[in-house]
Amino acid sequence: MRVVEVARFGGPEVLVAVDAPDPGPGPGEVVVEVAAADVLWVETRIRQGQGGDHFPVRPPYRPGCGVAGTVALVGEGVDPARAGRRVMTRTGPHGGYAERALEPAEGLIPVPDAVSLTDAAALLHDGVTALGLMDLVAVKPGDRVLVTAAAGGLGALLVQLAHAAGAQVVAAARGGRKLERLGPLGADLVVDYSAPDWTGQVRAAGGGVDVVLDGAGGAYGRAALGLVSPGGRFSGHGMPAGSFVGHGDPVAAGVTLTGIESVQFGPEQFRHYAAAALDAAAAGRLRPLIGQTFPLERAADAHAAIEARTTIGKTLLTRR
């Protein structure tokens with residue numbers, strides 16, 4: 001099979017597709033024929049050697065955090081009827097940028113027939129985080145909610161969920177190409193936060209906000225934090241623009257802060273939210289925004305596009 005490996009930390013070019021033996025399942029394991037692999041922004045940091053204490057990865061390693069596909073082989077102790085089932089799963093040390101993934105059977109999450117495997121891969125992590133954040137932040141009807149990095153995979157889901165909760169949604173992203181995708185997802189107001197007066201535009205259209213769901217971090221996140229009205233809620237769960245925002249930053253009176261640590265879910269919670277995201281997608285209530293897919297052999301191009309901030313929505317790797 002083909003698999004992507006990283007022999008040393010560096011730029012996107014260190015992602016190299018190589019031939020590797022097909023995996024064989026041991027007791028309690030399955031082999032998943034991968035249809036699509038999730039690509040996360042944090043994986044670009046890990047590849048650069050900036051994973052820190054949270055992601056203490058050392059080369060050589062196989063990247064990838066999750067896949068969707070079909071169970072090809074089952075090991076001893078696994079119900080043979082699971083072969084051929086459509087599933088998604090987080091991936092462990094064997095990685096997910098591969099044609100076949102070897103994983104514990106207990107981690108498999110069934111994918112409904114009404115959900116494509118590419119949509120399932122797009123929901124694997126972002127769907128879990130989005131639904132978890134909605135529970136933690138408790139968006140209510142009538143809330144004014146600002147979503148930053150709104151044209152990303154997670155941001156696009158949060159726009160939809162906040163709209164469905166009855167909130168007035170302000171979606172912030174960078175560039176007209178991204179902004180035009182947000183209105184159809186449920187945004188009532190879209191703002192380009194590369195404009196120097198973007199916070200003024202938000203205030204002029206309705207004052208402060210009750211909730212910020214910040215997937216950007218850095219200067220954008222700090223500016224968004226300044227828009228939260230007294231008694232509001234702020235979630236600082238993203239940092240592609242520089243750093244997480246929240247604790248230690250000046251806030252208005254009574255503002256509740258939620259950090260990235262709040263959405264680090266254990267296995268049971270993860271499975272609960274993942275299944276809920278798939279159910280919502282099957283019912284047509286949630287639609288992942290998949291902006292681009294790359295064949296496995298072009299994993300380096302996928303990382304380069306994410307780092308250049310030219311991507312819209314979710315980025316996935318596919319078999320071809």
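Pro112 and Asp279 get closest at one heavy-atom pair: CG-OD1, 4.5 Å. The two atoms that bring Leu15 and Pro63 nearest to each other are CD2-CG, 3.8 Å, heavy atoms only. Minimum heavy-atom separation, Gly95 to Thr91: O-CB, 3.7 Å. Closest approach of Leu102 to Pro23, counting heavy atoms only: CB-CB, 3.9 Å. Residues Ala224 and Val212 share a closest heavy-atom pair of O-CG2, 3.6 Å. The minimum heavy-atom distance between Val115 and Ala120, with the atom names listed, is CG1-N, 3.9 Å.
Residues Val18 and Val3 form a side-chain contact, since some pair of their non-hydrogen atoms from C-beta on lies under 4.5 Å apart. Taking the side chain as every heavy atom from C-beta outward, Asp188 and Arg144 never approach each other to under 4.5 Å. You'll find the side chain of Thr148 stays beyond 4.5 Å of the side chain of Leu213, heavy atoms only. In this structure the side chain of Pro25 never reaches within 4.5 angstrom of the side chain of Val78, judged on heavy atoms. Put simply, the side chain of Leu278 reaches to within 4.5 Å of the side chain of Met88, judged on heavy atoms. The closest side-chain heavy-atom distance from Thr70 to Arg85 is not below 4.5 Å. Under the 4.5 Å side-chain criterion, counting only non-hydrogen atoms from C-beta, Val30 is not in contact with Arg82. Taking the side chain as every heavy atom from C-beta outward, Arg100 and Leu73 approach each other to under 4.5 Å.
Counting non-hydrogen atoms of other residues, nucleotides and ligands closer than 6.0 Å to NE2 of His125 gives a total above 12. Remark: Glu13 CD is packed, more than 12 non-hydrogen atoms of other residues, nucleotides or ligands lying under 6.0 Å away. By the 6.0 Å contact criterion, CZ on Arg86 is enclosed, its count of non-hydrogen atoms from other residues, nucleotides or ligands being greater than 12. Annotation for Gln264: atom CD counts as buried by contact number, over 12 foreign heavy atoms lying within 6.0 Å.
Counting only distance, with no hydrogens or angles, the side chain of Arg177 and the backbone of Thr310 share a donor-acceptor pair below 3.5 Å. Judged by distance alone, the side chain of Arg47 and the main-chain N or O of Val6 form no donor-acceptor pair under 3.5 Å. Under a 3.5 Å cut-off, the side chain of Thr258 and the backbone N or O of Ser235 do not form any donor-acceptor pair. Under the 3.5 Å distance criterion, the side-chain polar atoms of Asp22 are matched with a main-chain donor or acceptor of Met1. Between the side chain of Arg90 and the backbone N or O of Gly66, no donor-acceptor pair lies under 3.5 Å. Between the side chain of Asp197 and the main chain of Gly200, no donor-acceptor pair closer than 3.5 Å is present. No side-chain donor-acceptor contact under 3.5 Å links Ser229 to the backbone of Gly232. Checked by atom type and distance alone, the side chain of Glu103 never pairs as donor or acceptor with a backbone atom of Glu29 at under 3.5 Å.
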Determine, step by step, whether Val14 and Phe9 satisfy the side-chain contact (heavy atoms from CB on, under 4.5 Å) criterion, reporting the C-alpha distance in whole Å, the side-chain angles of both residues, the deciding distance to 0.1 Å, and the verdict.
CA-CA 7 Å; Val14 303; Phe9 289 137; over 6 Å; no

Evaluate the salt bridge (Lys or Arg N to Asp or Glu O under 4.0 Å) criterion for residues Lys314 and Asp126: first the C-alpha distance (whole Å), next the side-chain angles of each, then the deciding distance (0.1 Å), finally the verdict.
CA-CA 9 Å; Lys314 197 66 189 172; Asp126 288 346; 3.2 Å; yes

CA sep, side-chain torsions, deciding dist, call: Asp143, Lys140, salt bridge (Lys or Arg N to Asp or Glu O under 4.0 Å)
CA-CA 6 Å; Asp143 278 342; Lys140 306 185 299 295; 3.7 Å; yes

Test side-chain contact (heavy atoms from CB on, under 4.5 Å) applied to Asp38 and Val67, step by step:
CA-CA 6 Å; Asp38 191 7; Val67 300; over 6 Å; no

side-chain contact (heavy atoms from CB on, under 4.5 Å) between Leu296 and Glu99: does it pass, once the steps are laid out?
CA-CA 8 Å; Leu296 181 68; Glu99 291 182 328; 3.9 Å; yes

Intermediate values then yes/no, side-chain contact (heavy atoms from CB on, under 4.5 Å), Trp41 and Thr315
CA-CA 9 Å; Trp41 172 82; Thr315 301; over 6 Å; no

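Taken together through direct or relayed side-chain contacts under 4.5 Å among Ile, Leu, Val, Met, Phe, Trp and Tyr, Val111 and Leu108 form parts of separate hydrophobic clusters. Ile290 and Leu161 fall into different hydrophobic clusters, where Ile, Leu, Val, Met, Phe, Trp and Tyr are joined by side-chain heavy atoms under 4.5 Å apart, directly or via other members. Val128 is connected to Leu40 through a chain of hydrophobic side-chain contacts under 4.5 Å among Ile, Leu, Val, Met, Phe, Trp and Tyr, so both are in one cluster. A single hydrophobic cluster is not seen to contain both Ile46 and Leu316; linkage of ILVMFWY side chains at heavy-atom distances under 4.5 Å, directly or through other members, places them apart. Hydrophobic cluster membership differs between Ile109 and Val31, with clusters built from Ile, Leu, Val, Met, Phe, Trp and Tyr side chains linked at under 4.5 angstrom.
Taking CD of Glu5 as the reference point, atom CG of Asp19 lies at 10.0 Å (rounded to 0.5 Å). To the nearest 0.5 Å, atom CG of residue Leu317 and atom OG1 of residue Thr118 are 13.0 Å apart. Distance check: Asp214 CG to Arg222 CZ gives 10.0 Å after rounding to the nearest 0.5 Å. To the nearest 0.5 angstrom, His237 atom NE2 is 8.5 Å from Phe234 atom CZ. One distance of note links CG of Leu157 with CG of Leu123; it measures 6.0 Å at 0.5 Å rounding. Distance check: Tyr273 OH to Thr129 OG1 gives 10.5 Å after rounding to the nearest 0.5 Å.
A salt bridge links Glu33 with Arg319; the closest basic N to acidic carboxylate O contact falls under 4.0 Å. Taking a cutoff of 4.0 Å between a charged side-chain nitrogen and a carboxylate oxygen, Arg45 and Glu307 do not qualify as a salt bridge.
Considering only residues two or more places apart in sequence or on other chains, Glu297 meets the side-chain hydrogen bond (donor to acceptor under 3.5 Å, both in side chains) condition with Arg2.
The one candidate from Val145, Val170, Leu185, Leu289 that meets the side-chain contact (heavy atoms from CB on, under 4.5 Å) condition with Val159 is Leu185.
Ring centroids of Tyr193 and Tyr220 are separated by less than 6.0 Å, placing the two rings close together.
Taking the ring centre of Tyr97 as origin, the terminal cationic atom of Arg62 falls outside the region bounded by 6.0 Å and 45° from the ring axis.
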